[in-house]
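The structure appears below as structure tokens.
Numbering of ligands and ligand atoms starts at 1, following listing order. Heavy-atom basis, side chains included; hydrogens, waters and symmetry copies ignored.
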Amino acid sequence: MRIYISADLEGVNGVVSYEQVDPGGALYPLAREWMISEVCAAIRGCRAGGATEIVVNDAHNRGLNLLPDRLPAPAHLLTGYDKPLSMMEGIDRGFDAALFLGYHAKAGTPRAVHDHTFSASTFHDVRINGLSVGEFGLNAALAGWLDVPVLLVTGDQALCEEAKALHPPVETLAVKEASSRYAALCLPFEVSLQRIEQAVQAAISRRQQIPPLRIAPPFRLECVFQKTEQAERASRTRLGRRSDPYTLIYETDDYLDLYRAFLSLYRASSS
Ligand SMILES: [Zn+2]
């Protein structure tokens, strides 16, 4: 059984501030350790659930957070930056299931640690077929397009509510409860790590009951940028059309094409 893991940092237990998620931040070295601990707990759960191959995509910032020598077999680590599919690099139809660890709520969510969608300084909102989505939705729909179900997502309570609202069959595990964008009530670490391991194993055993997230084509992607200059730079890719000074619309029947276009618009807007 092959399991794909996309691992982010903002949703890891204990993480609340910029100094923790910025690789240059004074508190980052500790936050990275907590991320490694959560990923290792998930790997133990995968092994207990019968996984024979695991691919872990380091999906935060430049993808240099997890340390290759710290992840136990059979986990392969996808490390580094400029990955063509970014947070979902390495996903393919051959995986039996996916897990999203350390995820966070979408841009515009109140009482959510580090609510944002790919970049807080870039996107005000992202919509697919009129539905506002965050990283969970964008990424789970890509997995779903490839017939891979996302079994479990971990993060704060806001992320869990967002995932359940978009895709009720998905299992969620809240490791912390946000009280502001930069504060949360955290589980004792030994409890959160134990729960992650158990939740992963339980989700894998229930995988036949958790269908992939499928959004039906045709797709209409709307990127609402924070600033007009970002929309302007993105529009120079010639991907999509500008519907208002802040918004670019891209239409396609192929979700993989949509995801790639989204990443191209994002990169162009900030270059
Ligand atoms: Zn991140």
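Ionic pairing of Lys106 and Asp115 is not present here: no N-O contact between side-chain nitrogen and carboxylate oxygen is shorter than 4.0 angstrom. Salt-bridge check for Asp82 with Arg62: failed, with every basic side-chain N at 4.0 Å or more from each acidic carboxylate O.
No side-chain donor from either of Tyr4 and Asp96 sits under 3.5 Å from a side-chain acceptor of the other.
Counting backbone and side-chain atoms alike, His114 contributes no N/O/S atom closer than 2.8 Å to the Zn ion (ligand 1).
If you put the vertex on the Zn ion (ligand 1), OD1 of Asp8 and OE1 of Glu10 sit 90° apart, to the nearest 10°.
The nearest N/O/S atom of His60 to the Zn ion (ligand 1) is ND1.
Applying the side-chain hydrogen bond (donor to acceptor under 3.5 Å, both in side chains) test between Tyr103 and each of Asp8, Thr172, Asn139 identifies Asn139 as the sole match.
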